[in-house]
There are 2 protein chains.
Amino acid sequence: MATTRGPYAKGVAKREEILTAALEVIARNGYRKTSTRELAAAVGLSEAGLLHYFGSKEKLFEAVLRARDEADTSRLSAEPDAIAKLSAIVRHNTDVPGLVQLYSTFSAEAGDPQHRAHEYFVERYQRLRETLAESVQTRQAAGAVSTAANPEKIATMLIALSDGLQVQSQFRLDAEPAEVLDHLLALLRPE
Amino acid sequence: MATTRGPYAKGVAKREEILTAALEVIARNGYRKTSTRELAAAVGLSEAGLLHYFGSKEKLFEAVLRARDEADTSRLSAEPDAIAKLSAIVRHNTDVPGLVQLYSTFSAEAGDPQHRAHEYFVERYQRLRETLAESVQTRQAAGAVSTAANPEKIATMLIALSDGLQVQSQFRLDAEPAEVLDHLLALLRPE
DNA sequence: GTCTATACCAAGATAGAC
DNA sequence: GTCTATCTTGGTATAGAC
């Protein structure tokens with residue numbers, strides 16, 4: 001029975017380096033145009049060396065998305081309101097179109113239950129929906145959102161809207177995604 | 001200088017056949033899992049033969065999406081209201097997840113201005129935005145939508161919401177996309 | 001210092017677009 | 001058939017637990 005020893009210090013560092021480099025390269029080149037070859041070259045590894053760490057390109061990209069989630073979370077840890085946090089992330093994403101493209105392409109592909117990252121998105125959406133629904137309720141209690149609104153449906157709506165706006169904004173959209181999001185929030189105020 | 005003669009009747013028929021077959025195969029297998037090889041086999045052509053008609057895989061998929069747009073339009077030609085039409089399409093799309101996946105994956109990838117289908121989406125979104133904005137104005141005049149709503153922003157919102165909901169609905173979403181869309185429309189009513 | 005899982009590479013199998 | 005991309009196979013070198 002082979003005992004598992006876990007990654008060496010060197011491996012841990014290399015993983016970090018790969019994720020950081022991948023985030024940059026993808027943010028610049030987008031998803032489809034980023035090959036494992038290019039990624040491997042960017043961190044001074046062979047392709048096989050790169051895949052040793054992540055197993056497959058899809059797993060690597062899933063790890064990149066998780067890393068981005070974590071970066072967003074820690075950057076916005078001071079913001080307790082989930083809706084404000086979502087809005088800030090949407091604003092920030094204007095600067096990293098490649099990552100937005102990775103996210104939207106990957107989420108679309110992962111709709112297939114067979115897809116490696118399917119569960120990642122199931123969990124991510126569920127978690128987001130819960131925290132946003134709470135935020136809606138808090139705002140309702142504070143009188144900032146009409147009580148006619150259904151918190152779960154508004155949460156689902158806010159996520160769909162963010163995702164959809166970010167895709168649409170890549171095609172000569174006049175309005176900024178965050179503006180449209182804010183317009184919805186304004187309209188949800190009790191009259 | 002060669003005169004352009006255009007496709008022969010046989011070619012036109014074959015094109016139709018390819019699009020119909022591609023629609024079926026994609027609806028079943030999704031986008032990424034559908035290869036030109038498989039598509040060629042499904043219509044009894046070699047790969048080269050298939051590509052003769054559409055030039056590239058991307059062009060073929062763009063043609064599939066245009067064919068779907070046309071099918072939707074003619075199926076719903078009796079419905080004059082763009083918002084009602086959008087809602088009906090969203091409902092209908094529940095039955096064709098593969099196509100929804102093709103659409104969402106393709107639109108995400110086409111965010112890159114270099115992408116072949118970039119212009120297709122630019123035009124599609126623009127057209128949709130215009131007709132939806134008109135529909136919002138009509139509803140405002142009829143008292144069904146609050147005049148506080150900005151027609152262009154609501155139009156953008158409705159599109160983003162439809163797109164985003166359809167992606168999200170592939171991941172164990174409790175609510176139906178059309179329900180959430182209806183909830184928004186209900187909340188947009190003047191109080 | 002021994003041992004073996006981890007870190008990595010060269011070459012090639014496989015498959016897809018064209 | 002050609003080119004390009006992912007991923008496998010089979011290997012060597014090294015980190016680090018004991």
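Letters A, B, ... mirror the listed sequences (proteins, then strands); counts begin at 1. Side chains are part of it too, since the values below use all heavy atoms of this structure and drop only hydrogens, waters and symmetry mates. Computed from a predicted model, the values in this text were never measured in an experiment.
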The side chain of A/L51 is closest to which nucleotide in this list: C/dG16, D/dA5, D/dC7? D/dC7
With respect to the phosphate group of D/dA5, does any side-chain polar atom (N or O) of A/S35 fall under 4.0 Å of OP1 or OP2? no
Would you say a side-chain N or O of B/T36 is under 4.0 Å from OP1 or OP2 of C/dA17? yes
Taken to the nearest whole Å, CD/A/E47 to C1'/C/dA13 is 14 Å
Given D/dT6, D/dT9, C/dA17, the nucleotide with the shortest approach to the side chain of A/A48: D/dT9
A/H52 has an atom NE2; how far is it from atom P of C/dC9, in whole Å? 10 Å
Closest to the side chain of A/Y8, out of C/dA7, D/dT6, C/dA17, is C/dA7
Rounding to a whole Å, what distance do you find between A/R37:CZ and D/dC7:C1'? 12 Å
Just how far, in rounded Å, is P of C/dA15 from CD of B/E38? 13 Å
Are side-chain N/O atoms of B/Y120 and B/D69 paired as donor and acceptor at under 3.5 Å? yes
Value in whole Å for how far the P atom of C/dA7 lies from CZ of A/F54: 11 Å
When you compare the side chains of B/D112 and A/Q101, does any donor N or O come within less than 3.5 Å of an acceptor on the partner? no
I need the minimum non-hydrogen distance between B/P151 and B/Q140, along with the two atoms involved. CG-OE1, 3.7 Å
Check every strand shown and say whether B/G49 touches a base, only sugar-phosphate, or nothing at a heavy-atom separation below 4.0 Å. nothing
Starting at CD of B/E62 and ending at P of C/dA17, how long is that distance when rounded to a whole Å? 17 Å
Does a side chain donor of either A/N29 or A/E38 reach within less than 3.5 Å of an acceptor in the other side chain? yes
Let's see if you can work this out: which of C/dT6, C/dA17, D/dT6 has an atom nearest to the side-chain heavy atoms of A/K57? D/dT6
Within less than 4.0 Å of OP1 or OP2 of C/dT6, is there a side-chain N or O belonging to A/R5? no
Base, sugar-phosphate or nothing for A/G6? Non-hydrogen atoms, less than 4.0 Å. sugar-phosphate
Rounded to whole angstrom units, what separation is found between the CG atom of A/L50 and the P atom of C/dC9? 10 Å
A/T34 side-chain N/O to D/dA5 phosphate OP1/OP2 under 4.0 Å: no
Is it the case that the side chains of B/T105 and A/E109 hold a donor-acceptor pair, with the cut-off being a distance below 3.5 Å and no angle test? no
Spacing between B/R32 atom CZ and C/dA17 atom P, to the nearest angstrom: 9 Å
